[in-house]
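Contents: one structure, followed by commentary.
Numbers restart at 1 for each chain; the letters A, B, ... are given by sequence-line order, proteins then strands.
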Protein chains: 2
Amino acid sequence: MPLTNPTATVRDLIREHYATLTQSERKFANSLLENYPAGGLASITIVAENAGVSTPTVARMVQKLGFKGYPHFHKSLLKELQAKVSGPTQRRENWVSDAPESHLLNRFSQAVTQNLSQTFSNVETDRFDAAVRQLANTDGRLYVVGGRITRALADYAFTHFQAIRQRVTHMTSSSATWPHYVLDMVEGDTLLMFDVRRYETNLQNLAKLAAERGVTIILITDQWASPVTAHASFTFNCWVEIPSAWDSNISTMMLLEALIAATQEEKWPETRDRYERLDELFDLTRLFRKFT
Amino acid sequence: MPLTNPTATVRDLIREHYATLTQSERKFANSLLENYPAGGLASITIVAENAGVSTPTVARMVQKLGFKGYPHFHKSLLKELQAKVSGPTQRRENWVSDAPESHLLNRFSQAVTQNLSQTFSNVETDRFDAAVRQLANTDGRLYVVGGRITRALADYAFTHFQAIRQRVTHMTSSSATWPHYVLDMVEGDTLLMFDVRRYETNLQNLAKLAAERGVTIILITDQWASPVTAHASFTFNCWVEIPSAWDSNISTMMLLEALIAATQEEKWPETRDRYERLDELFDLTRLFRKFT
DNA sequence: GATTATGTGTCAATATATTTTCAGAGATTT
DNA sequence: AAATCTCTGAAAATATATTGACACATAATC
């Protein structure tokens, strides 16, 4: 494992040894990776301070990485930088990343960033806040449902909302069971729906039934808007196009996480309590597993 | 003349003052410009030696440029470097929306952008491509598994990979069933694992067993790296910190989608065929539903 | 719940870097 | 060609960085 390949960059070395690093050493490692390589080019005193650790911690860590001492590490970083700049034909231009412009990763990340920014700037904060208040309202039940692809997102939403508040139900993707859930829905309940193309008629029917019973529907859909919009109190559109045959759900995920984060903040410190109790329970579960 | 424009780079300063520099000072200036900025980031002793001049010469020159002393000059160069690296990321913060700076949505999106860029720049394209080739290899089976939180991601991965290639298995999150799967694993199979903190011992055990059977493990984890790393052939670290009590999985999702997209591209037009047949089947299903 | 192991920061020592001072080498002027 | 001026690097003085030793805190183990 510790190859100590002579051409390995400091970044590589950190990755390689990350598992063996201690907490504060990782603190420094992260600080360096986040601002690479500048974060390691000042004096040990300064970089340690910037990372919020003591100088010996930095000294110990660079030794773990295989350097003789901080100056050796410093020199190595400098050489890397030099190779990058003065190297023949800008050696793979790995300043920000080592991916060539045409590589799929690059095209992909560009599309994603575009999507996120589009999605984000299309959210009205007032509407967002109102939706969050609805999600935080535990007087009514919260139902979560998704389609074929978005089932995973619904699942993710369920896992997190369940940690934040009580009375959450994940409606399985099998639409045969939905009528049972609808039967119990009452005014004041909330239905969080995911529907991206190809839009599913079942979800539309479900939305209609729920709306008729006075349920508040929060819809997360794509930029072309699912027909469920007609029944929804809150609709959020997410930009999903990427260079591929299918649609990306990263912006969808972002919006969902933002809703979760906001709901959690709204219900703090109630949520804090739940988290702590949850943690205890997990610990118990883990103990139990030891005997299986 | 000495504008001392706050945004002026050291390079600019040198050009501006070049006329007033003495012979050896120019010697150092040229040495620095030829290897910029690395040529000025070591200690004054070293850079002076590299340029073939004495230390006082360097010290005097940087003072001529308007710096208080060599350390000041050094710090300034570092800041420049830092700005260059974080530049593209920061520039994306022109996400002018009507949201006030302090609104959660804004803070959230900033954190997410940061995470994505961080994650992205830590992926080596070679490793990425190799992992994709492994994922596209249909000689062996592809197993997908996640933990408590990442189960949703594993599900998402399964749904998409199933559309792209045959022989995909989603290992349920209930670890009790895992031995059955392991029993059938053979060399050449691939295991796509998700493990973010808190890392689950079950996943670690699973990884060990699979690795022993010659299975290639592709691990998607967070920036702190799951212990599964030890058994994995390919590890991808995703930055996950957001202003909340839990970790974000947006960058995780991005990496997953990128892997899916790349795998699809690798196997095109084979995949195209599958997609078309899949679509037909969906249509049939939909028709069928009409009569229920 | 006591005990060990591990990690962490404070402080002191040692080493290194930076600046200042100063004397000599070249260039320029008288 | 002598006198002066400017530039330059050697060396001392000063400041700062680096490392090692130690003690405390925290986590893991029994």
Side-chain angles (χ1 to χ4, degrees), chain A residues 10 14 17-32 37-78 276 279-280 282-284 286-291, chain B residues 10 14 17-32 38-78 197-201 204 224-225 227:
Chain A
V10 170
I14 291 179
H17 292 84
Y18 201 90
T20 71
L21 296 183
T22 67
Q23 207 174 337
S24 347
E25 283 169 355
R26 289 181 185 192
K27 206 165 158 191
F28 167 62
N30 288 329
S31 153
L32 172 56
L41 286 172
S43 75
I44 193 173
T45 320
I46 310 233
V47 300
E49 197 172 313
N50 285 344
V53 299
S54 67
T55 45
T57 302
V58 175
R60 279 186 291 253
M61 181 190 127
V62 298
Q63 281 175 7
K64 265 196 196 170
L65 294 187
F67 296 100
K68 231 192 83 193
Y70 186 81
H72 183 203
F73 161 84
H74 187 274
K75 204 160 48 175
S76 184
L77 261 180
L78 215 57
E276 278 167 7
D279 241 31
E280 283 169 29
F282 276 128
D283 277 345
L284 287 176
R286 210 151 281 151
L287 267 174
F288 185 69
R289 276 189 191 146
K290 274 189 182 164
F291 297 93
Chain B
V10 170
I14 291 178
H17 292 83
Y18 200 87
T20 71
L21 297 183
T22 67
Q23 206 174 342
S24 3
E25 283 168 356
R26 289 182 187 190
K27 205 167 161 190
F28 167 62
N30 289 331
S31 154
L32 173 54
L41 286 172
S43 73
I44 192 172
T45 321
I46 310 233
V47 299
E49 197 172 314
N50 285 345
V53 298
S54 69
T55 46
T57 303
V58 176
R60 279 187 291 256
M61 183 191 124
V62 297
Q63 282 174 7
K64 265 195 196 169
L65 295 187
F67 295 101
K68 232 190 84 193
Y70 185 80
H72 183 203
F73 161 83
H74 187 273
K75 201 159 50 174
S76 185
L77 263 180
L78 264 177
R197 66 173 186 191
R198 314 168 46 163
Y199 312 116
E200 304 182 22
T201 28
Q204 206 182 338
W224 304 284

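- One atom, CD of Glu49(B), and another, C1' of dG9(D), lie 14 Å apart when rounded to the nearest Å.
- Remark: side-chain polar atoms of Glu25(A) are paired, donor with acceptor, to backbone N or O of Thr22(A) under 3.5 angstrom.
- Put simply, Thr57(A) has a side-chain N or O that comes within less than 4.0 Å of OP1 or OP2 on dG9(C).
- Classification of the Phe67(B)-Phe73(B) ring pair by plane angle, with boundaries at 30° and 60°, yields perpendicular.
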Exercise for review: Evaluate the criterion side chain to side chain contact (heavy atoms under 4.5 Å, CB included) for residue pair Phe28(A) and Thr57(A); output intermediate values, then yes/no.
Suggested key: CA-CA 8 Å; Phe28(A) 167 62; Thr57(A) 302; 5.6 Å; no

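- In this structure, CE of Met61(B) is placed 15 Å from C1' of dC7(D), rounded to the nearest angstrom.
- Protein atom CZ of Phe28(A) is 16 Å distant from nucleotide atom C1' of dG9(C), rounded to whole Å.
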Check your understanding: When every nucleotide of nucleotides 10-27 of chain D is labelled 5' to 3' by its protein contacts under 4.0 Å (heavy atoms), B for base, S for sugar-phosphate only, - for none, what sequence of letters results?
Key -> B------SBBB-------

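- Within 6.0 Å of atom CD in Gln23(A), 12 or fewer heavy atoms from other residues, nucleotides or ligands are found, so the atom counts as exposed in its surroundings.
- The interatomic distance linking Leu41(B) (CG) with dA17(C) (P) rounds to 15 Å, in whole Å.
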Exercise for review: Go through the steps to decide whether Tyr199(B) and Gln204(B) satisfy the test side chain to side chain contact (heavy atoms under 4.5 Å, CB included), and finish with yes or no.
Suggested key: CA-CA 8 Å; Tyr199(B) 312 116; Gln204(B) 206 182 338; over 6 Å; no

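- Nearest heavy atoms, Leu41(A) versus Leu78(B): CB-CD2, 3.5 Å.
- Nucleotide dG9(C) holds its C1' atom 12 Å from the NZ atom of Lys27(A), rounded to whole Å.
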